[in-house]
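Heads up: the structure comes next, in structure tokens.
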Amino acid sequence: MSDTDSHFSALRMGQGEMGGSSDGGSDDNIDWNTEDEIEIEKYPVSCCSREAAGPSNTKLFDHFVGMGFSEKLVSRAINENGQENTDLILESLLTYAAIEDSPQEQQIGIVLSVCDNASSDYEENLLDDSSDFDSDSDSEGIYNPSSEEKKMTFLTEMGYTMNEASIAMERCGADASEAELADFICAHQMSKAEDALLPEEKPLPWLSVDDFRKSKKRKFLRYDSCKRNTIRDKKPMCEDDEPIRLPNPMVGFGLPTDSCSQLTHRNLPEPAIGPPYFYYENVALAPKGVWDTISRFLYDVEPEFVDSKYFCACARKRGYVHNLPIHNRCPLRPIPPLTISEALPMTKRWWPNWDTRTKLNCIQTCVGSAKLTERIRKALEDYNGEPPLYIQNYVLNECRKWNLVWVGRNKLAPLEPDEVEMLLGFPRNHTRGGGISRTDRYKSLGNSFQVDTVAYHLSVLKDLYPGGISLLSLFSGIGGAEVALYRLGIPLKNVVSVEISEVNRTIVRCWWDQTNQKGNLIDFADIQQFTAEKLEQLISAVGGFDLVVGGSPCNNLAGSNRYHRDGLEGKESSLFYHYFRVLDLVKSIMSKDQ
DNA sequence: GCGATGATGAAGCGCCGA
DNA sequence: TCGGCGCTTCATCATCGC
């Protein structure tokens with residue numbers, strides 16, 4: 001198994017289910033003469049306009065060879081189409097590849113060479129996709145093959161074929177980001193998958209860019225009938241053509257405290273059905289469109305939005321995309337304190353009656369400063385416990401903003417790290433010791449799961465895996481999923497943890513040792529180095545994963561980020577695509593092994 | 001160099017009144 | 001229905017002290 005197998009895994013949803021031949025026929029279902037060609041005219045291929053500025057013949061030749069086509073085919077295509085119209089050349093090349101009787105291995109070889117040569121550029125691709133375009137625009141008229149190749153590399157690393165990548169780049173144009181290109185291909189694959197369900201098979205045209213951009217949900221329309229009994233129907237504002245909107249109240253498929261409102265069944269899209277089970281988490285209040293993209297990538301599974309204030313004494317609005325069963329959920333015992341006064345009883349004595357908070361806001365990675373609490377103390381001390389309304393409003397605003405609690409007369413303070421641990425469902429001192437600074441504790445905790453909430457969702461696994469579970473934990477952080485499973489009483493047979501922060505890996509390792517786990521814990525630092533080969537070895541060693549958990553970085557999604565709230569294209573948050581990549585690889589490898 | 005501290009808006013949504 | 005307002009938000013960066 002190699003990286004290129006993801007090529008097939010990405011096609012699995014469409015090609016495999018179409019029953020298409022495997023003899024190099026990845027494009028058998030593509031209608032190369034669709035009306036969409038008209039659309040192409042509206043979205044000129046970047047390379048064409050650049051070539052028109054006057055690239056040399058050699059450069060043109062090298063360009064297509066660099067894309068992975070054989071010299072023979074490139075010569076033939078240039079001879080047949082001339083040097084002016086690179087659209088035609090590219091289309092000819094793709095057609096040759098599609099109709100050629102060459103074995104698939106040849107195409108795999110193309111993909112492999114691109115991946116290998118460009119692996120070192122991969123991170124840069126993820127981070128700098130927009131900057132590529134900027135530089136292009138700066139040098140208007142000058143052809144820059146590296147930008148195109150970087151996108152090609154990105155897409156092939158994602159597991160798409162060269163042909164799919166080329167077509168997507170052609171259709172979406174030069175201004176398309178890597179994510180948009182991947183989304184475009186994904187849309188086509190899903191469409192093929194759905195067409196496989198139709199009695200009459202026919203070649204499926206690629207979506208036109210216009211259609212794709214105007215109605216990204218088009219490809220999923222046929223799932224509508226499956227969704228009629230799902231939570232979506234409980235949200236009348238959530239039409240298929242509308243972006244995903246957050247439910248109010250944010251209770252997901254139901255709360256343990258309200259059995260009447262619990263949803264016990266949903267129909268998952270076919271490609272989403274395990275094994276393995278997967279569970280993805282991120283901030284609910286992400287920029288518009290982010291959850292639509294996440295949902296589309298994760299097999300069109302409807303996100304479950306839950307505010308942890310229903311599970312503990314602090315709010316934590318998160319979206320969860322998973323394919324777990326949703327019946328027979330049960331909460332962790334003991335039920336944690338649900339109000340501030342229950343969670344922090346020593347604050348009751350000092351809590352003024354005009355501070356009506358019963359829940360804390362979302363716990364973040366930073367805490368209020370000592371100067372702030374001192375300013376508040378001074379503002380309050382002249383009023384003997386009954387400050388005027390404007391002072392009350394000022395204080396309450398700061399309290400909500402920084403999650404301050406009353407620790408004395410006129411005295412507020414930020415939460416201590418161990419209090420945060422308790423509120424989030426971790427054992428006391430989970431993040432303490434081992435050379436970890438106080439700042440790092442806050443940071444790690446602020447980025448973690450709320451254990452009780454996650455455990456409620458994962459509780460359905462207890463009956464399914466009485467003998468224990470093998471877990472692939474991506475972006476593990478301080479081990480929220482591991483702690484949740486442990487507290488549920490689900491034995492951890494094997495845990496493969498991927499976490500970039502050494503501090504966090506240390507925390508998980510210490511917890512693992514201190515709780516006398518009997519299973520195996522293997523940790524890795526960088527998900528970007530988590531290759532198909534490595535995955536295959538791990539899957540072979542542990543006998544497959546039962547659950548793939550991950551909450552990719554939210555830095556560029558969170559409202560608190562006033563500098564780089566760039567959505568899924570942001571430096572850190574773009575790592576979501578690696579969650580999808582790894583999950584899809586695991587699904588592919590495990591489906592082959594079965 | 002590292003950790004702690006303090007200053008720094010804006011996006012998105014719900015609510016409410018016109 | 002629409003616009004104004006209030007509320008919330010897994011953060012980032014510059015600076016300081018050790």
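Each chain gets a letter, A, B and so on, in the order its sequence line appears, and its residues count up from 1.
A sub-4.0 Å separation between OP1 or OP2 of C:dT9 and a side-chain N or O of A:K317 is present. Under 4.0 angstrom from either OP1 or OP2 of C:dC10 there lies at least one side-chain N or O belonging to A:R318. OP1 and OP2 of C:dC10 both lie 4.0 Å or more from every side-chain N or O belonging to A:N555. Contact annotation: A:R375 reaches the phosphate of B:dA7 (side-chain N/O to OP1 or OP2, under 4.0 Å). At the phosphate of B:dA11, neither OP1 nor OP2 sits under 4.0 Å from any side-chain N or O atom of A:R565. The side chain of A:S560 contributes no N or O atom lying less than 4.0 Å from OP1 or OP2 of C:dT9. Between A:Q364 and C:dA11 there is a side-chain polar atom (N or O) within less than 4.0 angstrom of OP1 or OP2.
Summarising the geometry, the separation between CG on A:D440 and C1' on B:dT5 is reported as 15 Å, rounded to the nearest angstrom. Regarding A:N447, its CG atom lies at a distance of 13 Å from the C1' atom of C:dT9, rounded to whole Å. Between the NE2 atom of A:H564 and the P atom of B:dT8 there is a distance of 18 Å, rounded to whole Å. The separation between A:D566 atom CG and B:dA11 atom C1' is 13 Å, rounded to whole Å. Rounded to an integer number of Å, the gap from CG of A:N248 to P of B:dG14 is 6 Å. The interatomic distance linking A:N393 (CG) with C:dG6 (P) rounds to 10 Å, in whole Å. Atom OH in A:Y563 sits about 14 Å away from atom P in B:dA11, given to the nearest Å. If you take CG of A:L285 and P of C:dA11, they are 13 Å apart, rounded to a whole angstrom.
As judged by a 4.0 angstrom heavy-atom cut-off over every strand, A:C362 is placed among residues touching the sugar-phosphate backbone only. Counting non-hydrogen atoms under 4.0 angstrom, A:K443 reaches nothing in the nucleic acid. Note on A:G551: a base of the nucleic acid sits closer than 4.0 angstrom, heavy atoms only. Among the atoms of the strands shown, base atoms are found under 4.0 Å from some heavy atom of A:S552.
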What protein N or O atoms touch nucleotides 16-18 of chain C N or O atoms at under 3.5 angstrom, if any, and at what distances?
none

Evaluation steps, side chain to side chain donor-acceptor pair (under 3.5 Å), between A:N410 and A:E381: CA-CA 6 Å; A:N410 299 330; A:E381 67 183 0; 5.9 Å; no

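In this structure, A:R509 does not pair ionically with A:E502, as no charged nitrogen and carboxylate oxygen lie closer than 4.0 Å. The existence of a salt bridge linking A:R432 and A:E421 is excluded, since no basic side-chain nitrogen approaches an acidic carboxylate oxygen closer than 4.0 Å.
Counting only N and O atoms by type, the side chains of A:S552 and A:Y280 include a donor and acceptor under 3.5 Å apart. A:D523 and A:S497 share no donor-acceptor pair across their side chains, judged by distance under 3.5 Å alone. Looking only at atom types and distance, the side chain of A:N384 has no donor-acceptor partner in the side chain of A:E386 under 3.5 Å away. Judged by distance alone, the side chains of A:N403 and A:N361 never bring a donor and an acceptor atom under 3.5 Å apart.
Distances from the side chain of A:W402 to the nucleotides C:dC7, C:dC10, B:dT8 place B:dT8 closest. In this structure, of C:dA11, B:dG12, B:dA4, it is B:dA4 that holds the atom nearest to the side chain of A:T439.
Ring-plane geometry between A:Y279 and A:H457 is classed as tilted, the angle between the planes lying from 30 to 60 degrees on a 0 to 90 degree scale.
When Watson-Crick and G-U wobble pairs are counted only if both distances are under 3.5 Å, C:dC10 pairs with no nucleotide at all. Nucleotide B:dG9: unpaired (no Watson-Crick or G-U wobble partner with both distances less than 3.5 Å).
Stacking of A:K587 on the aromatic ring of A:Y299 is recorded, both the 6.0 Å distance cut-off and the 45° axial limit being met.
Between the side chain of A:R316 and the base of C:dC10 there is at least one donor-acceptor pair of N/O atoms closer than 3.5 Å.
Annotation: C:dC10 and B:dT8 have their P atoms spaced 22 Å apart (nearest Å). The gap from the C1' atom of B:dG9 to that of C:dG6 amounts to 15 Å, rounded to the nearest Å.
Nearest-nucleotide assignment on DNA chain B puts the 5′-proximal partner with A:K371, out of A:K371 and A:P287. The residue among A:N561 and A:S437 whose nearest nucleotide of DNA chain B lies closer to the 5′ end is A:S437. Each of A:N397 and A:N282 lies near DNA chain C, and the nucleotide nearest A:N397 is the one positioned closer to the 5' end.
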